[in-house]
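Read through the structure below, which is laid out as structure tokens, and then see the notes.
Proteins get letters first, then strands, A, B, ... in listed order; numbering begins at 1 in each.
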Amino acid sequence: MLPRLYNTRTRKKEEFRPLDPSNVRMYVCGPTVYDYAHIGNARPVIVFDLLYRLLRHLYEPEHVRYVRNITDVDDKINARACELYPDLPLNEAIRKLTVETTAQFHRDVAALGCLPPTDEPRATEYIEQMRAMIETLVEKGFAYVGEEHVLFHVAAMPDYGQLARRSLDEMRAGARIEVAPYKRDPMDFVLWKPSKEGEPSWPSPSGIASPGRPGWHLECSAMAGALLGDVFDIHGGGIDLVFPHHENEVAQSRCAHGTELMANVWMHNGHLQVEGEKMSKSEGNFVTINELLKDWGGYGWPGDAIRFNMLHTHYRQPTDWTYDSLDNAHKTLWDWYGHLADVEPSRKLPDAFIEPLLDDLNTPGAIAELHKMAQERRYADLLASLQFLGLTGRRDRLGRLQNGEAQARTLASDAEIRALIEARIAARTEKNWAEADRIRDELVAMGVVIKDAKNPKTGEIETSWEIAR
RNA sequence: GGCGACGUGGCGGAAUGGUUACGCAGCGGCCUGCAAAGCCGUCUAUCCCGGUUCGAUUCCGGGCGUCGCCUCCA
């Protein structure tokens with residue numbers, strides 16, 4: 001069965017056929033490394049990681065190439081570097097910021113169970129290719145120089161706006177941007193711009209004397225072209241990137257390479273809200289991945305729970321990130337994982353689980369199958385399926401850290417818990433219910449929940465315990 | 001203002017021109033000294049108004065609402 005993917009370019013779900021099944025190529029826009037990645041940034045990383053896993057499953061791992069860039073040249077980076085390291089020379093501050101932020105990003109997404117992409121190019125390593133692309137565009141008449149900038153001339157491309165389905169006239173009418181005097185058309189966008197003294201800069205293309213740096217959209221065109229070729233299979237990112245970022249990427253790449261397409265399939269994930277509100281620093285509901293892992297809503301959450309909660313909603317739907325749904329996701333995994341300790345995963349994934357995923361990554365449908373497997377106690381299938389989704393299946397990896405007082409008390413008293421449980425068993429044997437209940441209350445106050453179960457063989461009561469969830 | 005997405009039970013969230021997904025919560029039961037856990041069972045839904053149709057939640061039109069993009073943005 002062929003996978004079907006929703007293609008933003010055609011606004012339809014289509015059967016996916018790679019250009020070359022022995023070299024399936026996907027490009028996803030990665031982070032701009034100037035601050036901690038937030039939970040909204042995590043969505044495309046997780047979604048396209050799952051797609052990567054699905055493609056590897058279908059075409060064999062060695063036949064899939066997944067490129068996700070690191071944007072390390074950007075005005076936001078410059079601003080943040082000045083703010084954080086005012087005493088360092090700007091370029092040194094920028095290097096420090098981008099290196100540290102990249103490392104943090106890697107730790108965060110690894111905790112969320114994401115595989116590293118096959119290639120992770122940094123924009124600053126591809127300046128040469130960007131410059132060459134600009135030269136080509138100028139030579140072919142798609143770009144021009146004005147006041148030391150190089151601009152892409154949208155009117156030179158007859159079907160500019162095709163991806164976002166916007167006509168130039170509409171966009172010109174609705175444009176809210178200030179039109180720079182060196183632009184021939186308000187919608188023309190920057191390929192290269194001059195750098196101020198002290199800012200990162202490289203020798204400029206197209207006969208511009210002073211040094212400069214690339215514009216906002218060029219890096220992806222250059223890196224995708226260099227690593228995946230002129231035309232490749234899948235290009236992904238957040239829905240907000242459709243315009244202008246991806247539209248402009250398409251324009252640059254197609255005009256430079258003289259191709260009808262840049263990528264066959266364009267995929268975009270929906271946006272995420274937090275507790276019903278748009279995430280913003282001013283609202284105080286800005287949630288970083290790191291914060292979730294360390295302390296959010298009183299707990300440090302395991303990566304599995306974060307990932308599972310994310311996959312609970314279809315990737316194109318808008319989603320609301322809430323404490324309740326995360327808690328729910330955690331609880332579900334906790335229940336399942338309790339059955340999987342000594343289970344060997346199945347060799348083959350159940351068809352009923354894979355089929356929804358082949359239908360435009362219908363993760364809620366696949367998760368419904370997981371519930372069915374758990375209900376039918378098909379634990380080998382359940383574990384294999386969970387692992388396919390990038391989840392560990394291991395309860396010892398699912399501990400939810402409690403923060404503050406409760407955590408301190410619980411962690412300090414491991415041996416004490418055992419002693420109290422023994423004392424309670426003794427009290428129960430004597431039918432001293434008051435004492436037994438008192439001990440149980442004491443354990444609850446420590447954040448420990450006990451469970452009695454009858455051993456089916458001996459009939460003995462056995463008590464287990466866990467940290468309260 | 002322009003373009004677009006979406007609106008399913010208390011909550012999350014699939015599917016579908018006709019036969020009440022699924023999970024959580026709730027409720028009932030079994031078990032239990034009590035509780036928790038476990039097991040079994042179970043109630044509640046398709047934003048509004050028209051149209052097409054034997055029949056629409058599903059298709060079409062209108063309305064209302066939510067959200068996004070048009071400016072850096074996942």
So A:Gln273, base contact, sugar-phosphate only, or nothing? Heavy-atom distance under 4.0 Å. sugar-phosphate

Contact check, residues 375-382 of chain A vs RNA chain B, heavy-atom distance under 4.0 Å, returns A:Gln375, A:Arg377

Do A:Cys114 and A:Arg307 touch side chain to side chain, with heavy atoms closer than 4.5 Å? yes

RNA chain B nearest-nucleotide lookup for A:Trp216 and A:Ala164: closer to the 5′ end is A:Ala164

Test A:Asp304 against every option in A:Leu389, A:Asn309, A:Leu391, A:Leu112 by the side-chain contact (heavy atoms from CB on, under 4.5 Å) rule and name the one that passes. A:Leu391

Pick the P atom in B:U16 and in B:C59, then give their distance to the nearest Å. 10 Å

Please name all residues satisfying ring-ring contact (aromatic ring centres under 6.0 Å, His included) with A:His38, sequence neighbours left out, ordered by chain then number. A:Phe286

Whole-angstrom distance between B:A15 and B:C47, as gauged at atom P: 15 Å

Is A:Asp35 salt-bridged to A:Lys76, cutoff N-O under 4.0 Å? no

Pairs: protein N or O with nucleotides 45-47 of chain B N or O, under 3.5 Å:
none

Rounded distance (Å) that lies between atom C1' of B:C6 and atom CG of A:Asn269: 16 Å

Taking C-beta and beyond as the side chain, do A:Leu90 and A:Glu199 meet within less than 4.5 Å on heavy atoms? yes

When you compare B:U19 with B:C67, how far apart are their P atoms, in angstrom units rounded to a whole number? 34 Å

Taking salt bridge (charged side-chain N to carboxylate O under 4.0 Å, His left out) as the definition, give me every residue that meets it alongside A:Arg25, ordered by chain and number, with sequence neighbours left out. none

C1' gap between B:U32 and B:C39, integer Å: 13 Å

Residues in residues 237-252 of chain A with a heavy atom under 4.0 Å of RNA chain B, by number, are A:Gly237, A:Gly238, A:Asp240, A:Leu241, A:Phe243

In whole angstrom, give me the gap between the P atoms of B:G29 and B:C64. 49 Å

Rounded to whole Å, please give me the gap between CZ in A:Arg11 and P in B:C3. 13 Å

Minimum heavy-atom distance between A:Met130 and A:Ala123, given as atom pair plus value: CE-O, 3.2 Å

Using a cut-off of 4.0 Å on non-hydrogen atoms, how would the nucleic acid contact of A:His271 be classed: base, sugar-phosphate, or nothing? base

Go through the steps for A:Arg440 and A:Asp452 under the test salt bridge (charged side-chain N to carboxylate O under 4.0 Å, His left out), then give the verdict. CA-CA 11 Å; A:Arg440 187 175 61 209; A:Asp452 296 333; 5.6 Å; no

Interface polar pairs with nucleotides 7-14 of chain B, N/O, under 3.5 angstrom:
residue	atom	partner	partner atom	Å
B:G13	OP1	A:Thr313	OG1	3.2

Could you walk me through whether A:Thr8 and A:His235 pass the side-chain contact (heavy atoms from CB on, under 4.5 Å) check? CA-CA 10 Å; A:Thr8 305; A:His235 190 126; over 6 Å; no

Quick one: which of B:A25, B:C72, B:G38 gets closest to the side chain of A:Lys331? B:A25

Taking the C1' atom in each of B:A56 and B:G18, what is the distance between them to the nearest angstrom? 9 Å

Could you list the residues that satisfy salt bridge (charged side-chain N to carboxylate O under 4.0 Å, His left out) with A:Arg9, not counting sequence neighbours? none

Specify the residues of residues 350-361 of chain A, ordered by number, for which at least one heavy atom lies under 4.0 angstrom from an atom of RNA chain B. none

Starting at atom CG of A:Asp108, determine the distance to atom P of B:A74, rounded to an integer number of angstrom. 15 Å

Nearest-nucleotide check on RNA chain B, A:His339 vs A:Arg316; residue mapping nearer the 5' end is A:Arg316

What nucleic acid atoms does A:Ile367 come within less than 4.0 Å of, heavy atoms only: base, sugar-phosphate, or nothing? nothing

Could you tell me if the side chain of A:Trp202 sits less than 4.5 Å from the side chain of A:Arg213, heavy atoms only? yes

Taking the C1' atom of each, how far is B:G65 from B:C48, in whole Å? 10 Å

Listed range with range, the stems formed with RNA chain B by at least 3 consecutive Watson-Crick or G-U pairs (under 3.5 Å) are B:1-7 with B:64-70, B:10-12 with B:22-24, B:26-30 with B:38-42, B:47-51 with B:59-63

Partners passing salt bridge (charged side-chain N to carboxylate O under 4.0 Å, His left out) against A:Arg95 (at least two apart in sequence or in another chain): none

Taking the side chain as C-beta and beyond, is there a heavy-atom pair between A:Trp433 and A:Arg428 under 4.5 Å? yes

Which protein N or O atoms sit under 3.5 Å from an N or O of nucleotides 26-33 of chain B?
residue	atom	partner	partner atom	Å
B:G33	N1	A:Asp437	OD1	3.0
B:G33	N2	A:Asp437	OD2	2.8

Aromatic plane relationship, A:Tyr27 with A:Phe232 - under 30° parallel, 30 to 60° tilted, over 60° perpendicular: tilted

Just the rounded figure in Å: distance from C1' of B:A37 to CG of A:Leu443. 15 Å

Can you find a pair of side-chain heavy atoms, one from A:Asn269 and one from A:Ile239, that are under 4.5 Å apart? no

Nearest-Å distance once atom P is located in both B:A21 and B:C43: 11 Å

I'd like to know if A:Glu442 and A:Arg438 make a salt bridge, using a cut-off of under 4.0 Å between side-chain N and carboxylate O. yes

Strictly below 4.0 Å, N to O, side chains only: are A:Asp49 and A:Arg53 in salt-bridge contact? yes

Name all pairs fulfilling the salt bridge (Lys or Arg N to Asp or Glu O under 4.0 Å) condition that reach into residues 380-391 of chain A, sequence neighbours left out, sorted by first residue then second. A:Arg378-A:Asp381

Dump the intermediate steps for side-chain contact (heavy atoms from CB on, under 4.5 Å) on A:Tyr337 and A:Leu386, then the final yes or no. CA-CA 10 Å; A:Tyr337 288 10; A:Leu386 285 165; 3.7 Å; yes

Under the side-chain contact (heavy atoms from CB on, under 4.5 Å) test against A:Cys29, which residue among A:Arg68, A:Glu219, A:Glu249 passes? A:Glu249

Taking all atoms of both residues into account, what is the closest heavy-atom pair of A:Thr102 and A:Arg122, and its distance? OG1-NH1, 3.9 Å

Value in whole Å for how far the P atom of B:C72 lies from OH of A:Tyr34: 13 Å

From CG of A:Asn69 over to P of B:C73, roughly how many Å is that when rounded to an integer? 12 Å

Could you tell me how far apart A:Leu326 (CG) and B:C24 (C1') are, to the nearest whole angstrom? 14 Å

Mind checking whether A:His268 and A:His246 have parallel, tilted or perpendicular rings, split at 30° and 60°? tilted

Tell me whether the rings of A:Tyr52 and A:Tyr66 are parallel (<30°), tilted (30 to 60°) or perpendicular (>60°). tilted

When the distance from OH of A:Tyr160 to P of B:C70 is rounded to whole Å, what number comes out? 12 Å

